[in-house]
Amino acid sequence: IDGTLLVTGGAGSRSIRRALVEMFGPSIRWGGVEPGTPDPLIYRALLEYNGRLDALDRHEQYRRRYLALLAGELERCAAEVRVLPGVGQVLSRLDRCANVAVGLLSGNYPEAAAMKLKAAGLDRRHFEVAALAEDDSPREAMLRRAVAAFARREGAAVAPASVITVGDTPRDAACAAACGHRCLAVATGMYGPDALRHAGADRVVSDLTNLAPLLELLDGAAR
């Protein structure tokens, strides 16, 4: 979601920081978190960075407060929330492809994902498959579960090579490789094209305004 489909003007980061300060005081420091880390693991990483792993059992308290703050931040900075270039075009095109199922892979809590999509004006119905951060599973496990659930629903196996992962961080490229999928990396987040290529992305684009690279990967997946 963040950096691939849309940007929120930092609403998520501000909400995380405020939730932590409210819970642990102003001495809490930000660190130890890489872009693309799932929400539950962000909490763990920040506690570890601050030497507060004793507070892991307060995760649900943190989650509730973060989500409440995020709702307020998204409303307050609504003018800064926007869909990234080409995303609407891509989703409209894929909606018309009978042999393509569009999924949503995100480290956001399900509630946070829904808030951000709504704030940006993206219809959740574009995405018939979802892999969201329900627990502290790594991204690869989330993706495998979602693909397996889709296969059960369709009553047919899903070959790893038929799945294309689109993302904006090296973690997305690593996740695709670990699952045997191909990756289209888009440099609309915090990483430039060179970093994304180095991470193993099969194709790298500056944004999604040019549909050709994605369509080429999908054509290869269909074959």
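Heavy-atom basis, side chains included; hydrogens, waters and symmetry copies ignored.
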message: Within the structure provided, determine whether Leu56 and Leu47 are in side-chain contact (heavy-atom separation under 4.5 Å).
response: yes

Worked verdict on Asp207 versus Leu84 for side-chain contact (heavy atoms from CB on, under 4.5 Å): CA-CA 8 Å; Asp207 59 38; Leu84 287 165; over 6 Å; no

task: To the nearest 0.5 angstrom, please state how far the CG atom of Leu105 sits from the CD atom of Glu140.
output: 9.0 Å

task: Check step by step if side-chain contact (heavy atoms from CB on, under 4.5 Å) holds for Asn210 and Val205.
output: CA-CA 8 Å; Asn210 179 7; Val205 294; 5.9 Å; no

query: Under the 3.5 angstrom rule, does the side chain of Thr4 hit a backbone N or O of Asp168 as a donor-acceptor pair?
result: yes

Side chain proximity check, Tyr66 to Tyr43, heavy atoms < 4.5 angstrom: no

- prompt: Taking the side chain as C-beta and beyond, is there a heavy-atom pair between Lys116 and Ser106 under 4.5 Å?
  reply: no

message: So, using side-chain hydrogen bond (donor to acceptor under 3.5 Å, both in side chains) as the criterion, who are the partners of Arg125 when residues are at least two apart?
response: Asp123

query: Is there a path from Leu70 to Leu122 through hydrophobic residues (I, L, V, M, F, W, Y) whose side chains come within less than 4.5 Å of each other?
result: no

message: Hydrophobic cluster membership, with links at side-chain heavy-atom distances under 4.5 Å among I/L/V/M/F/W/Y: are Leu74 and Tyr109 in one?
response: yes

statement: Minimal heavy-atom distance between Tyr49 and Arg29, with the atoms involved, is O-NH2, 3.1 Å

query: Closest approach of Cys175 and Leu143, non-hydrogen atoms and distance?
result: SG-CD2, 3.7 Å

message: Under a 3.5 Å distance rule, please check whether Arg14 uses its side chain to pair with a backbone N or O of Gly9 as donor and acceptor.
response: yes

statement: Taken to the nearest 0.5 Å, the spacing of His126 NE2 from Leu91 CG works out to 5.0 Å

- prompt: Of the non-hydrogen atoms in Thr188 and Gly3, which two are nearest, and what is the gap between them?
  reply: OG1-O, 2.6 Å

- prompt: Which of these, Leu208, Val186, Val90, Leu104, sits in a side-chain contact (heavy atoms from CB on, under 4.5 Å) with Leu5?
  reply: Leu104

message: Contact between Leu67 and Met115 at the side-chain level, heavy atoms closer than 4.5 Å - yes or no?
response: yes

message: Within the supplied structure, the quantity of interest is the number of heavy atoms (other residues, nucleotides, ligands) at a distance under 6.0 Å from Arg58 CZ; does it exceed 12?
response: yes

- prompt: Counting only heavy atoms not in Glu75, do more than 12 sit closer than 6.0 Å to its CD atom?
  reply: no

N/O donor-acceptor pair under 3.5 Å between Ser13 side chain and Gly10 backbone: no

- request: Apply side-chain contact (heavy atoms from CB on, under 4.5 Å) to the pair Leu117 and Leu6, showing each step before the final yes or no.
  value: CA-CA 8 Å; Leu117 292 175; Leu6 57 87; 4.2 Å; yes

query: Can you hop from Ile28 to Leu69 via hydrophobic side chains spaced under 4.5 Å?
result: no

- request: Give a yes or no on whether Arg76 atom CZ has more than 12 heavy-atom contacts from other residues, nucleotides or ligands under 6.0 Å away.
  value: yes

message: Pair Glu134, Arg145 - check salt bridge (Lys or Arg N to Asp or Glu O under 4.0 Å), show working.
response: CA-CA 12 Å; Glu134 302 276 3; Arg145 283 201 301 262; over 6 Å; no

- request: Return yes if some donor-acceptor pair links the side-chain N/O of Ser15 with the main-chain N/O of Ala11 below 3.5 Å, else return no.
  value: yes

query: Hey, is Arg52 close enough to Asp54 for a salt bridge, meaning N to O under 4.0 Å?
result: yes

Pairing residues for Arg182 by the side-chain contact (heavy atoms from CB on, under 4.5 Å) criterion, not counting sequence neighbours: Ile164, Asp202, Leu217, Ala221

- prompt: How long is the span from the CE atom in Met190 to the CG atom in Asp2, to the nearest 0.5 Å?
  reply: 11.5 Å

field: Atom pair CZ/CG of Arg93 and Leu214 - distance to nearest 0.5 Å
entry: 9.5 Å

query: How far apart are the closest heavy atoms of Asp136 and Leu41, and which atoms are they?
result: O-CD2, 3.6 Å

- prompt: Are any of the side-chain heavy atoms of Arg82 and Val7 separated by less than 4.5 Å?
  reply: yes

message: Counting C-beta onward and ignoring hydrogens, is there a side-chain heavy-atom pair between Phe24 and Asn50 closer than 4.5 Å?
response: no

statement: Nearest heavy-atom contact between Ala173 and Gly200 is CB-C, 4.3 Å

Worked check of side-chain contact (heavy atoms from CB on, under 4.5 Å) between Val87 and Gln89: CA-CA 5 Å; Val87 169; Gln89 178 189 11; over 6 Å; no

query: Quick one: CZ on Arg203 to SG on Cys183, what's the gap to the nearest 0.5 Å?
result: 12.0 Å

Heavy-atom closest contact (Ala130 atom, Arg124 atom, distance): CB-NH2, 3.2 Å

query: CD of Glu48: more than 12 outside heavy atoms within 6.0 angstrom?
result: no

query: Quick one: CH2 on Trp30 to CD1 on Ile16, what's the gap to the nearest 0.5 Å?
result: 4.5 Å

- request: Taking the side chain as every heavy atom from C-beta outward, state whether Arg139 and Asp172 have any atom pair closer than 4.5 Å.
  value: yes

- request: Indicate if Phe127 and Met142 have the same hydrophobic cluster label, given that clusters are the connected sets of ILVMFWY residues with side-chain heavy-atom separations under 4.5 angstrom.
  value: no

message: Let me check something: do Val102 and Val129 share a hydrophobic cluster, defined by ILVMFWY side-chain heavy atoms less than 4.5 Å apart, either directly or through other members?
response: no

